[in-house]
A.B. asks: 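For reference, the structure I am asking about is given below.
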Amino acid sequence: MSKLARIKYLINLFGFIPLLPIIIFQAFKVKSKTLRLPVAEGSKQFISPDANLNLLHIGESTVAGVGVSQLDHGLTKAIVNRMKQTNKNPINWHILAENGATLSQLNQQESQIHHPDVLLITIGVNDTTKFTSAKCWAAQIKQCVEQFSGHNSQVFFTQVPDMTLFPALPFPLNRFLGLRSQLLDQLLRDMCEKSNWHFIEASLPIKPEWMAIDGYHPNQAGYQIWAEQISHNILEVLKIKPKL
């Protein structure tokens, strides 16, 4: 992140100081009133000896399927299904996700797929709300890639959702958290640009008709839209062409 961008961020952050009592009050109110949806049920992995591609998807509640009842209707399975439309063989996949987890917490887990062909990481909301520092965020990103990728793995990050747009968050809390999420997103973009990683320009579809009833997570339609963007980017990098 450039020096100018950091200065701009700090100036914007200082602008919220007079509003902090309101922001803190809103944060407690939202936390106490927001509907808590469960994680989706279903298998977190699929392994076939005929597969020619291994995908490991690491993430927070959106990868755990919060917002839908079954993982078959969630983000990872939607991505896999769309990739299978252009890939003749089955795809091995594993979901490594935890509702409410920061990247640091996810880095403590172990995967059933080692050295995946595709390492996909969808994270950032909990690191935003739990105020992970920029230094810690960068360190955890680096650790995640080193821990879960192999020599030939293609590493993909989805962008950090802009929390300004979350329907469940009132003003000015949404703007404050939005500023934080934009900071983590920019740091992630910068790290991907400097490394051999892929930053996916695919935003969480934050519109009321695509959101679950809690106002935080996508519903099935939202996950499908998001998955289409993500899978397209992955297939472009892997140079897998659609079947005729």
A.B. asks: Between CD1 of I79 and CD of E228, what distance do you get to the nearest 0.5 Å?
C.D. replies: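 Here the interatomic distance stands at 11.5 Å.
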
A.B. asks: Shortest non-hydrogen contact from T76 to W93?
C.D. replies: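 Distance-wise, the nearest heavy atoms are CG2-CE3, 4.3 Å.
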
A.B. asks: When clusters are formed by joining ILVMFWY residues with side-chain heavy atoms under 4.5 Å apart, either directly or through shared neighbours, do M163 and V66 land in the same one?
C.D. replies: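 M163 and V66: separate clusters.
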
A.B. asks: How close do G65 and Y223 get, counting heavy atoms only, and between which atoms?
C.D. replies: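 Here G65 and Y223 meet closest at C-OH, 4.0 Å.
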
A.B. asks: What pair of heavy atoms forms the shortest contact from L103 to C144, and how long is it?
C.D. replies: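 Between these two residues, the closest heavy atoms are CD1-SG, 4.0 Å.
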
A.B. asks: So, for R82 and S231, which heavy atoms are closest and what is the spacing to 0.1 Å?
C.D. replies: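 Scanning both residues, the minimum pair turns out to be CB-OG, 3.5 Å.
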
A.B. asks: For the CZ atom of F176 and the OG1 atom of T129, what is their distance to the nearest 0.5 Å?
C.D. replies: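 With rounding to 0.5 Å, CZ (F176) is 11.0 Å from OG1 (T129).
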
A.B. asks: With a 4.5 Å limit on heavy-atom distance, are the side chains of Q26 and K29 in contact?
C.D. replies: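 Contact flag for Q26/K29 side chains = no.
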
A.B. asks: Do the side chains of L96 and V125 join up, straight or via other hydrophobic residues, at under 4.5 Å, putting them in one cluster?
C.D. replies: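 Cluster IDs for L96 and V125 match.
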
A.B. asks: Please determine, by modelled atom types, if D185 and Q159 share a side-chain donor-acceptor pair under 3.5 angstrom.
C.D. replies: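 D185 vs Q159: no donor-acceptor pair found between side chains.
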
A.B. asks: Side chains of P167 and M211: closer than 4.5 Å at any heavy-atom pair?
C.D. replies: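 Yes. Closest side-chain heavy atoms under 4.5 Å.
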
A.B. asks: Between N107 (side chain) and Q140 (backbone), is there a donor-acceptor pair under 3.5 Å?
C.D. replies: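 Indeed, once roles are kept as given, a pair shorter than 3.5 Å links the two residues.
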
A.B. asks: side-chain hydrogen bond (donor to acceptor under 3.5 Å, both in side chains) for D190 and Q186? Distances and angles first, verdict last.
C.D. replies: CA-CA 6 Å; D190 292 344; Q186 188 59 56; 3.0 Å; yes

A.B. asks: Are the side chains of V80 and K84 in contact, using a 4.5 Å heavy-atom criterion?
C.D. replies: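 SC-SC contact between K84 and V80 confirmed.
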
A.B. asks: Decide yes or no on side-chain contact (heavy atoms from CB on, under 4.5 Å) for E98 and L106, but give the supporting numbers first.
C.D. replies: CA-CA 7 Å; E98 183 179 340; L106 289 168; 4.1 Å; yes

A.B. asks: Taking Q108 for the side chain and S104 for the main chain, is one N or O donor matched with an acceptor at less than 3.5 Å?
C.D. replies: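 A pair under 3.5 Å: yes.
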
A.B. asks: Can you establish whether the number of heavy atoms outside E193 located under 6.0 Å from its atom CD is more than 12?
C.D. replies: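 No, the 6.0 Å shell around CD holds no more than 12 heavy atoms from other groups.
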
A.B. asks: Can you establish whether the number of heavy atoms outside Q109 located under 6.0 Å from its atom CD is more than 12?
C.D. replies: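 Above 12, so yes.
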
A.B. asks: Are I225 and L71 connected in the hydrophobic side-chain network, where two residues link if heavy atoms are under 4.5 Å apart?
C.D. replies: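 No, I225 and L71 fall in different hydrophobic clusters.
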
A.B. asks: Checking F14 now: which residues fulfil side-chain contact (heavy atoms from CB on, under 4.5 Å) with it, not counting sequence neighbours?
C.D. replies: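 Once residues adjacent in sequence are excluded, the partners of F14 under the side-chain contact (heavy atoms from CB on, under 4.5 Å) criterion are L10, I17.
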
A.B. asks: Under a 3.5 Å threshold, yes or no: a donor from one side chain and an acceptor from the other, between H217 and T62?
C.D. replies: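 Judged by distance alone, the side chains do not pair up.
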
A.B. asks: Going only through I, L, V, M, F, W and Y residues with side-chain contacts under 4.5 Å, is there a path from V39 to I95?
C.D. replies: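 In one cluster with V39: I95, no.
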
A.B. asks: Between L75 and H57, does the side-chain contact (heavy atoms from CB on, under 4.5 Å) criterion hold? Intermediate values first, please.
C.D. replies: CA-CA 10 Å; L75 180 61; H57 195 180; 3.7 Å; yes

A.B. asks: Applying side-chain hydrogen bond (donor to acceptor under 3.5 Å, both in side chains), name anything that partners N92, two or more places apart in sequence or on another chain.
C.D. replies: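 Listed in chain order: N54.
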
A.B. asks: Does K142 have more than 12 heavy atoms from other residues, nucleotides or ligands lying within 6.0 Å of its NZ?
C.D. replies: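 Not buried by this count: 12 neighbours or fewer within 6.0 Å.
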
A.B. asks: Show the nearest heavy-atom pair for residues V237 and Q154, with the distance to one decimal.
C.D. replies: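 Heavy-atom minimum between the residues: CG1-OE1, 3.9 Å.
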
A.B. asks: Could you grab the distance from atom OG of S111 to atom CD of Q147, nearest 0.5 Å is fine?
C.D. replies: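 Reported to 0.5 Å precision, the distance equals 9.5 Å.
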
A.B. asks: For P38, what residues pass the side-chain contact (heavy atoms from CB on, under 4.5 Å) criterion, not counting sequence neighbours?
C.D. replies: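 Listed in chain order: nothing, the list is empty.
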
A.B. asks: Going by ring-ring contact (aromatic ring centres under 6.0 Å, His included), name the pairs with one or both residues in residues 139-167, residues two or more places apart or in two chains.
C.D. replies: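 As it turns out, the ring-ring contact (aromatic ring centres under 6.0 Å, His included) pairs with a partner in residues 139-167, which skip direct neighbours, are F156-H198, F157-W197, F166-Y216.
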
A.B. asks: Are side-chain heavy atoms of I213 and L37 found at a separation under 4.5 Å?
C.D. replies: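 A side-chain contact exists here, since the closest heavy-atom pair is under 4.5 Å.
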
A.B. asks: Looking at CE of M83 and NE2 of H232, how far apart are the two atoms once the value is rounded to the nearest 0.5 Å?
C.D. replies: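 Between M83 CE and H232 NE2, I get 12.5 Å after rounding to 0.5 Å.
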
A.B. asks: Could you give me the CA-CA distance, side-chain angles and deciding distance for L183 and V160, then say whether side-chain contact (heavy atoms from CB on, under 4.5 Å) is met?
C.D. replies: CA-CA 9 Å; L183 170 68; V160 179; over 6 Å; no

A.B. asks: Just by distance, with hydrogens left out, do T158 and T122 show a side-chain donor and acceptor under 3.5 Å apart?
C.D. replies: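 Indeed, the side chains of T158 and T122 share at least one donor-acceptor pair under 3.5 Å.
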
A.B. asks: Please assess L120 against I230 for the test side-chain contact (heavy atoms from CB on, under 4.5 Å), listing each intermediate value before the final yes or no.
C.D. replies: CA-CA 9 Å; L120 176 61; I230 295 171; 4.0 Å; yes

A.B. asks: Any side-chain donor paired with an acceptor under 3.5 Å for Q182 and D162?
C.D. replies: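 Yes, side-chain donor-acceptor contact under 3.5 Å.
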
A.B. asks: Can you tell me how far apart CD1 (I123) and OG1 (T102) are? Round to the nearest 0.5 Å.
C.D. replies: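 So the gap between those two atoms works out to 7.0 Å.
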
A.B. asks: If you round to the nearest 0.5 Å, how far is NE2 of H94 from CD1 of I58?
C.D. replies: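 Going from the CD1 atom of I58 to the NE2 atom of H94 covers 9.5 Å.
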
A.B. asks: Go through the structure and list residues passing side-chain hydrogen bond (donor to acceptor under 3.5 Å, both in side chains) with Q220, not counting sequence neighbours.
C.D. replies: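 Residues passing side-chain hydrogen bond (donor to acceptor under 3.5 Å, both in side chains) with Q220: none at all.
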
A.B. asks: Hydrogens and angles aside, do E60 and N99 bring a side-chain donor and acceptor to less than 3.5 Å of each other?
C.D. replies: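 Side-chain D/A pair, E60 to N99: absent.
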
A.B. asks: Quick one: does V118's side chain get under 4.5 Å of P116's, heavy atoms only?
C.D. replies: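 The answer is no; the side chains never approach within 4.5 Å.
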
A.B. asks: Do L179 and I24 sit in one hydrophobic cluster, given that two such residues count as connected whenever their side-chain heavy atoms are within less than 4.5 Å of each other, even indirectly?
C.D. replies: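 Different clusters: L179 never reaches I24 through Ile, Leu, Val, Met, Phe, Trp or Tyr contacts under 4.5 Å.
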
A.B. asks: Do F16 and L19 come within less than 4.5 Å of each other through their side chains, counting heavy atoms only?
C.D. replies: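 F16 vs L19: side chains touch.
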
A.B. asks: Provide the closest heavy-atom pair for N126 versus A101 in the form atom of the first, atom of the second, distance.
C.D. replies: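 Answer, listing the atom of N126 first, then A101: ND2-O, 3.0 Å.
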
A.B. asks: Among all residues two or more places apart in sequence or in another chain, which pass the side-chain hydrogen bond (donor to acceptor under 3.5 Å, both in side chains) test with N89?
C.D. replies: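 N89 satisfies side-chain hydrogen bond (donor to acceptor under 3.5 Å, both in side chains) with no other residue.
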
A.B. asks: More than 12 foreign heavy atoms under 6.0 Å from CD of E110: is that the case here?
C.D. replies: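 No, CD of E110 has 12 or fewer neighbouring heavy atoms, counting only those of other groups under 6.0 Å.
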
